[in-house]
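Input: a single structure, listed below in structure tokens.
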Amino acid sequence: MAQKRIVLAGGTGNIGKLLTLILIHLDYQVIIFSRRELKSSHPNIRYIKWDGESLGNWVQEMEGIDTLINLSGKSIQCRFTDDNKKILLESRIEPTRILGEAISTLSSPPRLWINFSGISLFEGVEGLNNEESTSFGNTFLAHLTQEWEKTFVEANTPATKKVILRLSPVLSTKFGMFKELLPLAKLGLGGKVGDGNQQIAWIHELDLVRLVMWIINLESPSALYHACAPEPESNKEFMKNLRKAAGMPIGMPLPALFAKLGAYFKGVESDMLLLTNAVSTTRTLQEGFIFNYPNTQKAFEHLTKK
């Protein structure tokens, strides 16, 4: 039987690397669209250059593939200046738009298109938000995510099933907040941020890749899923469980003012530290997905032993 082919658009980042590892392990042929010229040393990985804005030779690489996964977008770990806002928006909207246009030209389009999005849609919204929720935040990231998803939904691809996957912060030893927070927790600096009541949604890296593969293998996936653990945790509880996993009983709290100052000097926005983002998933559970790491106790225990 011929190898199934999957395209990862913008697949050179952290999430793309996670997915590539599992896909080649499962003997998929992985085609990665990148803005840079890259060469692969693995027989099951090919890099194809594109600009993420216009049609080109890369379009034919999608002919007859099983799944397209769009991961394109500049990292949100930056200050939201006017210039950065423009880049953050265009780096998501333009690749999504041109991928939809490319699919419409194919004689054998992808069976499935998974477009990554973000739970930032609910930034600052009170109450617990799942896949059925329709009240969104009023922050820059919330508006950006709405525009991104609107572009995806409007793509005219009748022969391709489309799925939005809203991503939460990924717990990993290789990147992201766990990697940054663990050394601080070990030094006794892993206390609550602000009042500690803001909710945090998250997902373990292994549950994320399992979730993506689960969606790919579904005969008829839903149009939207949240990639997060079933229940968010308060920042206070999150940090307490991290300190326990790190073997440090105390943690110096970080007042909101110092969190804002620290974010400023680090070149990021403090909203991601201080605003609540109480997001859960019900649809994945209802359709049969089982999280191996449904709470931070299990997640941190596994990650600190890696």
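Worth knowing before you read on, the calculation uses all heavy atoms, side chains too, and leaves out hydrogens, waters and symmetry mates. In this text the structure is predicted, and so the values were computed from the model without any measurement.
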With rounding to the nearest 0.5 Å, note down the distance linking CG in Leu167 to CD1 in Ile164.
13.5 Å
Can you measure from NZ (Lys17) to CD1 (Ile32) and round to the nearest 0.5 angstrom?
10.0 Å
Looking at Arg166 and Glu149, is there a salt bridge between them, counting it only when a charged N and a carboxylate O are closer than 4.0 Å?
yes
Close side-chain approach of Ser117 and Leu165, heavy atoms under 4.5 Å:
no
Mind running side chain to side chain donor-acceptor pair (under 3.5 Å) on Gln199 and Ser234 for me, showing each step along the way?
CA-CA 4 Å; Gln199 296 290 302; Ser234 68; 4.9 Å; no
Evaluation steps, side chain to side chain contact (heavy atoms under 4.5 Å, CB included), between Ile6 and Leu68:
CA-CA 6 Å; Ile6 287 186; Leu68 164 65; over 6 Å; no
Apply side chain to side chain contact (heavy atoms under 4.5 Å, CB included) to Leu18 and Phe175, showing your working.
CA-CA 11 Å; Leu18 284 178; Phe175 61 88; 3.8 Å; yes
Looking at Arg92 and Leu144, would you say the former's side chain and the latter's main chain have a donor-acceptor pair under 3.5 Å?
no
Matching residue for Thr296 among Glu233, Glu231, Glu301, His204 - test: side-chain hydrogen bond (donor to acceptor under 3.5 Å, both in side chains):
Glu233
Asn235-Asn197 side chain donor-acceptor pair, cut-off 3.5 Å
no
Can you tell if the side chain of Ile24 reaches within under 4.5 Å of the side chain of Val30, non-hydrogen atoms only?
yes
Taking ILVMFWY side chains as joined if any heavy atoms are under 4.5 angstrom apart, and letting links pass through other members, which residues group with Ile250?
Met248
Begin with the C-alpha distance, continue with both residues' side-chain angles, and end with the deciding distance and a verdict on salt bridge (charged side-chain N to carboxylate O under 4.0 Å, His left out) for Arg283 and Glu132.
CA-CA 9 Å; Arg283 192 167 293 167; Glu132 307 300 326; 2.5 Å; yes
Under 3.5 Å donor-acceptor, Arg79 side chain and Val268 backbone
yes
Determine, stepwise, if the pair Lys39 / Tyr47 fulfils side chain to side chain contact (heavy atoms under 4.5 Å, CB included).
CA-CA 6 Å; Lys39 294 191 181 297; Tyr47 292 99; 5.8 Å; no
Residue pairs passing the salt bridge (charged side-chain N to carboxylate O under 4.0 Å, His left out) test with at least one member in residues 150-159, sequence neighbours excluded, are Lys150-Glu154
Step by step, work out the salt bridge (charged side-chain N to carboxylate O under 4.0 Å, His left out) result for Arg5 and Glu61.
CA-CA 10 Å; Arg5 294 184 297 130; Glu61 298 290 339; 5.0 Å; no
Looking at His226 versus Phe122, is the centre-to-centre ring distance below 6.0 Å?
yes
With no hydrogens and no angle check, just 3.5 Å: does a side-chain donor-acceptor pair link Asn138 and His143?
yes
Is the ring centre of Phe289 less than 6.0 Å from the ring centre of Phe291?
yes
With a 3.5 Å distance limit and no angle check, can you tell me whether Ser222 reaches the backbone of Leu224 through a side-chain donor-acceptor pair?
no
Is it the case that the side chains of Gln198 and Thr276 hold a donor-acceptor pair, with the cut-off being a distance below 3.5 Å and no angle test?
no
Report yes if the side chains of Lys179 and Ser172 come closer than 4.5 Å at any heavy-atom pair, otherwise no.
no
Val59-Ile103 co-clustered via ILVMFWY side chain contacts under 4.5 Å
yes
In terms of side-chain heavy atoms, does Thr281 have a donor or acceptor partner in Glu131 at a distance below 3.5 Å?
yes
Going through the checks in order, is the salt bridge (charged side-chain N to carboxylate O under 4.0 Å, His left out) test met by Lys266 and Glu180?
CA-CA 12 Å; Lys266 192 178 176 184; Glu180 292 187 9; 2.6 Å; yes
I want to check something: taking the side chain as every heavy atom from C-beta on, are Leu171 and Glu205 in contact at a cut-off of under 4.5 Å?
no
Same apolar cluster: Phe33 and Ile45, side chain cutoff 4.5 Å
no
Report, one line per pair, each donor and acceptor closer than 3.5 Å where one atom sits in a side chain of residues 209-218; sequence neighbours left out.
{"unit_1": "Arg210", "atom_1": "NH1", "unit_2": "Asp207", "atom_2": "OD1", "d": "2.8"}
{"unit_1": "Arg210", "atom_1": "NH1", "unit_2": "Ile290", "atom_2": "O", "d": "3.1"}
{"unit_1": "Arg210", "atom_1": "NH2", "unit_2": "Ile290", "atom_2": "O", "d": "2.9"}
{"unit_1": "Asn217", "atom_1": "ND2", "unit_2": "Met213", "atom_2": "O", "d": "3.0"}

Go through the steps for Val7 and Ile69 under the test side chain to side chain contact (heavy atoms under 4.5 Å, CB included), then give the verdict.
CA-CA 6 Å; Val7 165; Ile69 302 177; over 6 Å; no
Side chain proximity check, Leu206 to Asn292, heavy atoms < 4.5 angstrom
no
Hydrogens and angles aside, do Glu123 and Thr139 bring a side-chain donor and acceptor to less than 3.5 Å of each other?
yes
Contact check, side chains of Met62 and Leu99, non-hydrogen atoms, under 4.5 Å:
yes
is_close_aromatic(Trp202, Phe178), centroid dist under 6.0 Å:
no
Rounded distance (nearest 0.5 Å) linking atom CG of Asn130 with atom OG of Ser280
5.0 Å
So CG of Asn241 and CZ of Arg243: to nearest 0.5 Å the spacing works out to 9.0 Å
Short question: side chain of Lys186, backbone of Gly247 - any donor-acceptor pair under 3.5 Å?
no
Tell me if a side-chain donor or acceptor on Glu269 pairs with a main-chain N or O of Phe80 at a distance below 3.5 Å.
yes
Between Thr157 and Trp113, is any side-chain donor less than 3.5 angstrom from a side-chain acceptor?
no
In this structure, are over 12 heavy atoms from other groups packed under 6.0 Å from Lys74 atom NZ?
yes
Side chain to side chain, Leu88 and Phe140, heavy atoms closer than 4.5 Å:
yes
Identify whether the distance between the nearest side-chain nitrogen and carboxylate oxygen of Lys240 and Glu237 falls below 4.0 Å.
yes
Counting distance only, does the side-chain N/O of Lys161 pair as donor-acceptor with the main-chain N or O of Pro221 below 3.5 Å?
yes
Please answer whether the main-chain N or O of Asp51 pairs with a side-chain N or O of Arg35 as donor and acceptor at a distance below 3.5 Å.
yes
dist Asn115:CG -> Ser72:OG (nearest 0.5 Å) comes out at 8.0 Å
Quick one: are the ring centres of Phe300 and Phe238 less than 6.0 Å apart?
yes
Rounded to the nearest 0.5 Å, what's the gap from CG on Leu8 to OG on Ser34? Could you check?
11.5 Å
Angle between ring planes, Trp50 versus Trp58, binned at 30° and 60°: parallel, tilted or perpendicular?
perpendicular
When you check the side-chain N and O atoms of Asn70 and Thr96, is any donor under 3.5 Å from an acceptor?
yes
Does the side chain of Ser168 reach to within under 4.5 Å of the side chain of Asn277, using non-hydrogen atoms?
no
NE2 (His25) with more than 12 external heavy atoms under 6.0 Å
no
So with a 6.0 Å cut-off around CG of Asp27, is the heavy-atom count from everything else above 12?
yes
